[in-house]
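Structure first, then comments.
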Amino acid sequence: MTAPLRCVLECDPTDPVIRLLGVLDRRNVAEVRDALLRCLADRAAPVAVDVSALRDVEPTALLRLAEAAAEVADWPAGGFVCCAPAPGTERRWAATGVTVLPDRRLATALLAGAPSATALGLDLEPVAGAARAARELLAQASLRWNIPQLIEPAALALTEMVNNVVLHAGTAMSVRVGFRDGCLRLSVRDGSAARPAPARPVPPTALGGRGMLLVGSVVRRWGCSPLGDGKLVWAVLEPADHPREGF
């Protein structure tokens, strides 16, 4: 009996290029999409996705990959570009809205020239001092990107995001802080599939439940991306929402 055709994702943490090989269709695209998101969640910079070894790509499967590009748009490290599509499929790839370049060389050159391309990162255990360590990472961000007016609201948001992991997920976590397109971007990845409670009012007598309400009060937007082996919670702060004193 012939084995079903599959799509394989090759992801080397030391290589800025991810490779997709095999057949991509509606039967396996959800698995490939989840694997791609997990790989991107572990990166500190945007990547290129080499699709030269893909064959028999279904249009519906390409649209699901485009969903992955939209999913990571607000993550600290940024998203991905595709490169080296098979001859004759360029128009089909371009229709997804994902940036597609003719070869790997151009893709890596584009990513290398991206301003502020690398996010700051920190791996933490679910312990009482985790939030303090995350705030120290923000202090580094303030010095690197000259965004002092965002540090206080970002510290509040990141503290709540980290404490949610400590109190509820109880797993190791990865914290990322990035600055792209004029916005400060935060993320916390953990090993629990449980989504954080939405930002909604809670009774004054409640002892908890205000974490994401506080986050929502200081960020422009936030969200949660399921990763199969856990989740990634992200938030975006814009300088216009927190002007410097005297400006």
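Placement of L184 and L232 in two distinct hydrophobic clusters is found when ILVMFWY residues are connected by side-chain heavy-atom separations under 4.5 Å, directly or transitively. In the hydrophobic cluster analysis, where Ile, Leu, Val, Met, Phe, Trp and Tyr join through side-chain heavy atoms closer than 4.5 angstrom, L186 is grouped together with V233.
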Intermediate values then yes/no, side chain to side chain contact (heavy atoms under 4.5 Å, CB included), V23 and R55: CA-CA 5 Å; V23 173; R55 61 187 188 278; 4.0 Å; yes
Candidate pair R176 and L120, rule side chain to side chain contact (heavy atoms under 4.5 Å, CB included), full reasoning: CA-CA 6 Å; R176 294 279 188 274; L120 301 176; over 6 Å; no
Verdict with supporting geometry, C7 and L54, side chain to side chain contact (heavy atoms under 4.5 Å, CB included): CA-CA 8 Å; C7 180; L54 279 181; 3.7 Å; yes
Derivation of the side chain to side chain contact (heavy atoms under 4.5 Å, CB included) call for L20 and L65: CA-CA 12 Å; L20 291 179; L65 282 188; 4.2 Å; yes
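Between the side chain of R64 and the backbone N or O of V32 there is no donor-acceptor pair closer than 3.5 Å. Using modelled atom types, one side-chain atom of R180 and one backbone atom of W75 make a donor-acceptor pair closer than 3.5 Å.
The CD1 atom of I147 sits 7.0 Å away from the CD atom of Q149 when rounded to the nearest 0.5 Å. Between L9 atom CG and L21 atom CG the span is 8.5 Å, to the nearest 0.5 Å. E160 CD to N164 CG: the interatomic distance, rounded to the nearest 0.5 Å, is 7.0 Å. Taking CD1 from I151 and CD from Q140, the interatomic distance works out to 10.5 Å, rounded to the nearest 0.5 Å.
Listed by chain and number, the residues in a side chain to side chain contact (heavy atoms under 4.5 Å, CB included) with A73 amount to none (sequence neighbours excluded). The side chain to side chain contact (heavy atoms under 4.5 Å, CB included) check on S217 picks up nothing, with sequence neighbours excluded. Every side chain to side chain contact (heavy atoms under 4.5 Å, CB included) that V17 has, sequence neighbours left out, goes to D15, A48, D50, R104, T108. Among residues two or more places apart in sequence or in another chain, the side chain to side chain contact (heavy atoms under 4.5 Å, CB included) test is passed with A155 by R135, L138. Partners of E125 according to the side chain to side chain donor-acceptor pair (under 3.5 Å) rule, which considers only residues two or more places apart in sequence or in another chain, do not exist here. Legend: residues meeting salt bridge (Lys or Arg N to Asp or Glu O under 4.0 Å) with R105, ordered by chain and number and at least two apart, are D103. Under the salt bridge (Lys or Arg N to Asp or Glu O under 4.0 Å) criterion, R189 pairs with D42, D229, sequence neighbours left out. The side chain to side chain donor-acceptor pair (under 3.5 Å) test applied to S174 returns D123, not counting sequence neighbours. By the salt bridge (Lys or Arg N to Asp or Glu O under 4.0 Å) test, E10 is found to be paired with R19, residues two or more places apart in sequence or in another chain being considered.
You'll find the side chain of I18 reaches within 4.5 Å of the side chain of L40, heavy atoms only. Contact check for E90 versus V100: no side-chain heavy atoms found under the 4.5 Å cut-off. Counting heavy atoms from C-beta on, the side chains of P148 and N146 come closer than 4.5 Å.
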Name the atoms and distances for all side-chain donor-acceptor pairs under 3.5 Å in residues 166-173, with sequence neighbours left out.
residue, atom, partner, partner atom, Å
T171, OG1, G191, N, 2.8

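Annotation: disulfide (SG to SG under 2.5 Å) contacts involving residues 9-51, sequence neighbours excluded, comprise C11-C39. Evaluation of the salt bridge (charged side-chain N to carboxylate O under 4.0 Å, His left out) test over residues 216-226, restricted to residues two or more places apart or in two chains, returns D74-R221, R220-E238, R220-D241, R221-E238.
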